[in-house]
Amino acid sequence: MESGNYRQELRQRILAAAMKAFRQKGVRAVRMDDIASQLSISKRTLYEIYSNKELLLYECVRDHDETMERILAEQLAPDSSVMDILVSFMRLHIEDSSKTNPQFYVELVKYPRVKRYIEERREKQSSRTTGFMHRGVEEGFFRSDINYEIFNIMIDAFMKQVVERELYKTIPLSDIIQNVIIVILRGFCTDKGLKYISRLEL
């Protein structure tokens with residue numbers, strides 16, 4: 001009889017192997033058989049833990065989001081300013097996108113459960129982002145004459161255009177993100193914020 005620890009360890013191994021494959025090849029190109037074979041486990045064992053590919057993908061995305069949040073938290077000191085947080089967040093996500101096949105992002109929304117999760121995550125992040133930007137205004141880094149709710153809508157619309165126009169096929173996604181962020185960041189920063197980012201290599 002399998003122990004609970006073995007089961008949990010196997011679950012994490014499956015998530016790690018599946019997410020790596022999804023990000024390298026895209027979702028559709030990866031079969032459940034491929035993951036089972038890579039881990040040297042039977043298909044039956046894999047399906048006992050994750051009954052279908054969509055469930056596995058959903059758990060992969062959730063696990064990856066939690067990992068990214070944990071890494072970001074570990075990089076920051078308790079007294080970090082909004083600029084410290086923003087720059088660490090940007091660097092982390094630019095690096096992450098540079099290691100991911102853009103086809104992965106395109107195909108995520110083809111799976112209803114994953115699409116719902118992404119939409120719910122976007123709504124939560126939008127609310128958090130607006131609060132974060134207002135904190136930046138209070139700390140003197142961000143301009144007070146900008147409607148940050150409109151800013152959130154514009155960023156969301158831009159990223160949809162990147163996907164719909166398939167710009168990632170001719171320009172690395174990490175380059176797109178980095179260049180857009182730098183332009184936007186300079187746009188909503190005060191002199192204090194600009195002095196902060198002038199010391200950095202973004």
Side-chain angles (χ1 to χ4, degrees), residues 10-43 45-47 49-72 86-126 128-129 151-185 202:
L10 178 58
R11 182 182 296 272
Q12 289 302 314
R13 285 177 56 213
I14 292 171
L15 287 177
M19 191 56 162
K20 182 177 180 180
F22 289 147
R23 292 178 68 193
Q24 287 180 343
K25 302 175 183 179
V27 181
R28 289 186 175 179
V30 179
R31 302 174 304 161
M32 295 289 274
D33 290 12
D34 300 329
I35 298 168
S37 177
Q38 181 181 343
L39 293 170
S40 300
I41 61 176
S42 68
K43 287 194 295 181
T45 298
L46 177 58
Y47 278 105
I49 298 177
Y50 295 105
S51 58
N52 57 69
K53 183 176 175 180
E54 181 172 8
L55 174 60
L56 174 56
L57 176 62
Y58 168 74
E59 292 294 340
C60 281
V61 174
R62 284 188 58 194
D63 182 71
H64 183 69
D65 283 351
E66 290 172 2
T67 299
M68 293 289 279
E69 291 216 5
R70 184 173 67 252
I71 292 173
L72 181 62
L86 182 58
V87 170
S88 293
F89 177 87
M90 285 165 37
R91 285 175 169 165
L92 181 63
H93 284 270
I94 289 171
E95 180 183 2
D96 188 61
S97 65
S98 72
K99 298 176 181 177
T100 306
N101 183 337
Q103 197 62 33
F104 169 75
Y105 299 116
V106 175
E107 293 173 348
L108 282 181
V109 295
K110 307 293 185 182
Y111 298 83
R113 185 170 185 175
V114 180
K115 183 179 180 180
R116 284 196 303 272
Y117 169 75
I118 292 172
E119 290 171 348
E120 290 170 0
R121 181 185 65 187
R122 184 181 294 122
E123 289 179 8
K124 291 178 182 177
Q125 287 178 338
S126 178
R128 288 171 60 185
T129 300
F151 162 79
N152 281 337
I153 295 171
M154 290 174 61
I155 292 295
D156 190 46
F158 172 79
M159 292 310 298
K160 286 181 179 178
Q161 278 291 301
V162 169
V163 173
E164 290 175 5
R165 296 181 59 186
E166 300 183 337
L167 297 180
Y168 53 83
K169 289 186 176 180
T170 54
I171 308 171
L173 187 58
S174 57
D175 287 356
I176 294 173
I177 294 172
Q178 182 171 1
N179 281 276
V180 171
I181 284 177
I182 290 173
V183 171
I184 292 175
L185 179 59
L202 297 175

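Counting from 1, the numbers follow the sequence of the chain as shown.
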Handout entry: Student check: side-chain heavy atoms of Met19 and Asp63 closer than 4.5 Å
Key = no

Between the CD1 atom in Ile94 and the CG atom in Leu173, the distance rounded to the nearest 0.5 Å is 10.0 Å

Output for pair (Asn152 CG, Arg128 CZ), nearest 0.5 Å, gives 12.0 Å

When rounded to the nearest 0.5 Å, the distance separating CD of Glu107 from CG of Leu57 is 9.5 Å

Between Ser97 and Ile177 the two heavy atoms that sit nearest each other are OG-CD1, 3.8 Å

Interatomic distance, CD1@Ile118 vs CZ@Arg113, rounded to 0.5 Å, equals 13.0 Å

Rounded to the nearest 0.5 angstrom, the OG-CG distance for Ser174 and Asn179 is 9.5 Å

Heavy-atom closest pair (Val106 atom, Val109 atom, distance to 0.1 Å) is O-CG2, 3.4 Å

Here the pair of heavy atoms bringing Gln24 nearest to Asn101 is O-ND2, 3.3 Å

query = Taking C-beta and beyond as the side chain, do Arg121 and Val61 meet within less than 4.5 Å on heavy atoms?
reply = yes

Show your working on side-chain contact (heavy atoms from CB on, under 4.5 Å) between Ile171 and Val162 and close with a plain yes or no. CA-CA 10 Å; Ile171 308 171; Val162 169; over 6 Å; no

Query - CA sep, side-chain torsions, deciding dist, call: Met154, Ile184, side-chain contact (heavy atoms from CB on, under 4.5 Å) - result: CA-CA 11 Å; Met154 290 174 61; Ile184 292 175; over 6 Å; no

Residue pairs meeting ring-ring contact (aromatic ring centres under 6.0 Å, His included), one or both in residues 102-124, sequence neighbours left out, come to Tyr58-Tyr117

Heavy-atom neighbours of Phe89 CZ exceed 12 at 6.0 Å
no

* **Contact check, side chains of Leu72 and Met68, non-hydrogen atoms, under 4.5 Å** => no

So the salt bridge (charged side-chain N to carboxylate O under 4.0 Å, His left out) pairs with at least one residue in residues 96-105 (sequence neighbours excluded) are Arg23-Asp96, Glu95-Lys99

Those residues at least two apart in sequence (or on a different chain) that pass side chain to side chain contact (heavy atoms under 4.5 Å, CB included) with Glu166 are Tyr168, Lys169

Open item on the list: Side chains of Leu108 and Phe22, heavy atoms from C-beta outward: is any pair under 4.5 Å?
Closed with: no

Does any part of the side chain of Leu56, heavy atoms only, come nearer than 4.5 Å to the side chain of Leu15, both counted from C-beta?
yes

Do Lys53 and Val27 have side chains that approach each other closer than 4.5 Å (heavy atoms only, starting at C-beta)?
yes

Sequence neighbours excluded, the answer for side chain to side chain contact (heavy atoms under 4.5 Å, CB included) partners of Gln161 is Glu164, Arg165

Test salt bridge (charged side-chain N to carboxylate O under 4.0 Å, His left out) on Lys124 and Glu69; report intermediate values, then the result. CA-CA 14 Å; Lys124 291 178 182 177; Glu69 291 216 5; over 6 Å; no

Step by step, would you call Thr45 with Leu39 a side-chain contact (heavy atoms from CB on, under 4.5 Å)?
-> CA-CA 11 Å; Thr45 298; Leu39 293 170; over 6 Å; no

Heavy-atom check, side chain of Ile41 versus side chain of Ile35, under 4.5 Å: no

(Q) Any non-hydrogen side-chain atom of Thr129 less than 4.5 Å from a side-chain atom of Ile155? (A) no

The complete set of salt bridge (charged side-chain N to carboxylate O under 4.0 Å, His left out) pairs with one or both residues in residues 27-42, sequence neighbours excluded, reads Arg31-Asp34, Asp33-Lys43

One should read off an interatomic distance between Gln38 CD and Lys20 NZ, to the nearest 0.5 angstrom, of 7.0 Å

Side chain to side chain contact (heavy atoms under 4.5 Å, CB included) filter on Arg70, not counting sequence neighbours, yields Thr67, Glu74

Discussion item. Under a 3.5 Å distance rule, please check whether Gln103 uses its side chain to pair with a backbone N or O of Gly26 as donor and acceptor.
Written reply: no

